[in-house]
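Only heavy atoms go into these numbers, but all of them, side chains included; no hydrogens, no water, no symmetry mates. Keep in mind it's a predicted model, so treat the numbers as computed, not measured.
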Amino acid sequence: MCRDLPAIRYATIEDIPDLQAIEVAAAALFRDTPYPELALASPISTQTYEMHFANKHPVFVAHIEAEKGNGQDQPHPRNAGFAVVAPLGKGLHLYELSVHRSDQGKGIGRALLEHVVTYAREKGYPSVTLTTYSDISWNAPFYRSAGFNIVPRREAEPELKDILQKEIDAGANAQNRCIMRIDLAHKRP
């Protein structure tokens with residue numbers, strides 16, 4: 001775990017190159033999974049981020065103090081991870097959560113996820129949803145440890161079924177891709 005939790009703030013257009021680099025670095029972990037093609041996937045496009053910002057949908061960025069190095073006397077701040085969310089149906093949907101490969105295992109992803117859940121609760125959303133792989137440790141098991149549950153496809157809202165189907169149509173493994181949700185109506189902050 002990270003001794004000092006990251007500062008989490010709203011991302012800006014200036015952060016887009018960092019967010020894309022973080023996503024590429026995080027995706028490299030897929031090389032040693034049943035889905036090595038994901039390591040080569042393109043990051044979220046600049047145009048998609050710009051549209052997201054224009055619609056006032058939050059992108060949260062985790063900002064940390066980097067280690068001293070390269071002749072620097074003081075640590076320098078840098079972006080280590082991010083989360084992209086937007087309303088979907090009645091809830092809030094987590095479209096992407098990425099932590100730079102060099103910063104994984106330090107609690108940054110969990111801090112971002114907790115921030116998303118807190119944001120959703122404060123904005124009055126009854127749930128947070130996402131799609132992920134059930135058979136990758138840093139996917140469904142990670143979200144399950146944070147209180148998310150797998151939603152059977154037949155019970156999912158049409159919007160979630162549409163997202164899942166688009167992912168499958170784009171090449172995601174249909175058998176192991178799943179929808180997850182955390183119900184906020186009964187959870188206390």
What's the verdict on side chain to side chain contact (heavy atoms under 4.5 Å, CB included) for Val128 and Arg121, showing C-alpha distance, side-chain angles and the deciding distance? CA-CA 9 Å; Val128 177; Arg121 187 177 284 116; over 6 Å; no
I would like to know whether Leu94 and Leu113 meet side chain to side chain contact (heavy atoms under 4.5 Å, CB included); could you show each step before the answer? CA-CA 9 Å; Leu94 176 61; Leu113 186 58; 3.9 Å; yes
Test log, rule side chain to side chain contact (heavy atoms under 4.5 Å, CB included), inputs Cys178 and Thr132: CA-CA 6 Å; Cys178 65; Thr132 194; 3.9 Å; yes
Given Thr131 and Lys166, is the side chain to side chain contact (heavy atoms under 4.5 Å, CB included) satisfied, shown in steps? CA-CA 11 Å; Thr131 57; Lys166 286 177 185 172; over 6 Å; no
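Note that NZ of Lys90 is 13.5 Å distant from OG1 of Thr129, once rounded to the nearest 0.5 Å. Note that the CG atom of Asp103 and the OG atom of Ser98 stand 12.0 Å from one another [nearest 0.5 Å]. Taking CG from Asp183 and CZ from Phe148, the interatomic distance works out to 11.0 Å, rounded to the nearest 0.5 Å. One distance of note links CZ of Arg177 with CD of Gln165; it measures 12.5 Å at 0.5 Å rounding.
Considering only heavy atoms from C-beta on, Pro34 comes within 4.5 Å of Asp135 through its side chain. Side chains of Val116 and Leu92 form a contact here, defined as non-hydrogen atoms less than 4.5 Å apart. Side-chain atoms of Val24 and Gln20, non-hydrogen and from C-beta on, never get closer than 4.5 Å to each other. Two residues are said to be in side-chain contact when any heavy atoms from C-beta on lie closer than 4.5 Å; Phe53 and Val59 meet this criterion. Put simply, the side chain of Met51 does not reach to within 4.5 Å of the side chain of His57, judged on heavy atoms. Contact of the Ile64 side chain with the His100 side chain is not registered, since no non-hydrogen atoms from C-beta on lie closer than 4.5 Å. Contact check for His93 versus Ile179: no side-chain heavy atoms found under the 4.5 Å cut-off.
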Could you tabulate the donor-acceptor pairs under 3.5 Å formed by side-chain atoms of residues 80-88, not counting sequence neighbours?
none

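Closest approach of Thr48 and Ser45 over heavy atoms only: OG1-OG, 2.8 Å. Closest of all the heavy-atom pairs between Arg144 and Met180 is N-CE, 3.9 Å. Across every non-hydrogen atom of Arg31 and Ala39, the tightest pair is CG-CB, 3.4 Å. When all heavy atoms are compared, the tightest approach of Tyr119 to Pro58 is OH-CG, 3.4 Å. Listed here is the closest heavy atom pair of Pro126 and Gly91: CD-CA, 4.3 Å. Considering every non-hydrogen atom in both Gly89 and Glu159, the closest pair reads CA-OE2, 3.8 Å.
Hydrophobic clustering keeps Ile16 apart from Leu97 (ILVMFWY residues linked when any side-chain heavy atoms are closer than 4.5 Å, directly or through intermediates). Ile13 is connected to Tyr49 through a chain of hydrophobic side-chain contacts under 4.5 Å among Ile, Leu, Val, Met, Phe, Trp and Tyr, so both are in one cluster. Follow the hydrophobic side-chain contacts under 4.5 Å out from Leu130 and you never reach Val151; the two are in separate clusters. Hydrophobic clustering (ILVMFWY, side-chain heavy atoms < 4.5 Å, transitive): Tyr143 and Leu164 are in distinct clusters. One hydrophobic cluster, built from ILVMFWY side chains closer than 4.5 Å, cannot hold both Ile22 and Tyr10; they sit in different ones.
As a member of the Ile/Leu/Val/Met/Phe/Trp/Tyr network built from side-chain separations under 4.5 Å, Ile136 groups with Leu29, Phe30, Tyr35, Leu38, Tyr133, Trp138.
Exactly one residue among Arg110, Glu23, Gln104, Lys106 makes a side-chain contact (heavy atoms from CB on, under 4.5 Å) with Val99. That residue is Gln104.
For the pair Glu155 and Arg181, the salt-bridge criterion is not met [side-chain N within less than 4.0 Å of a carboxylate O].
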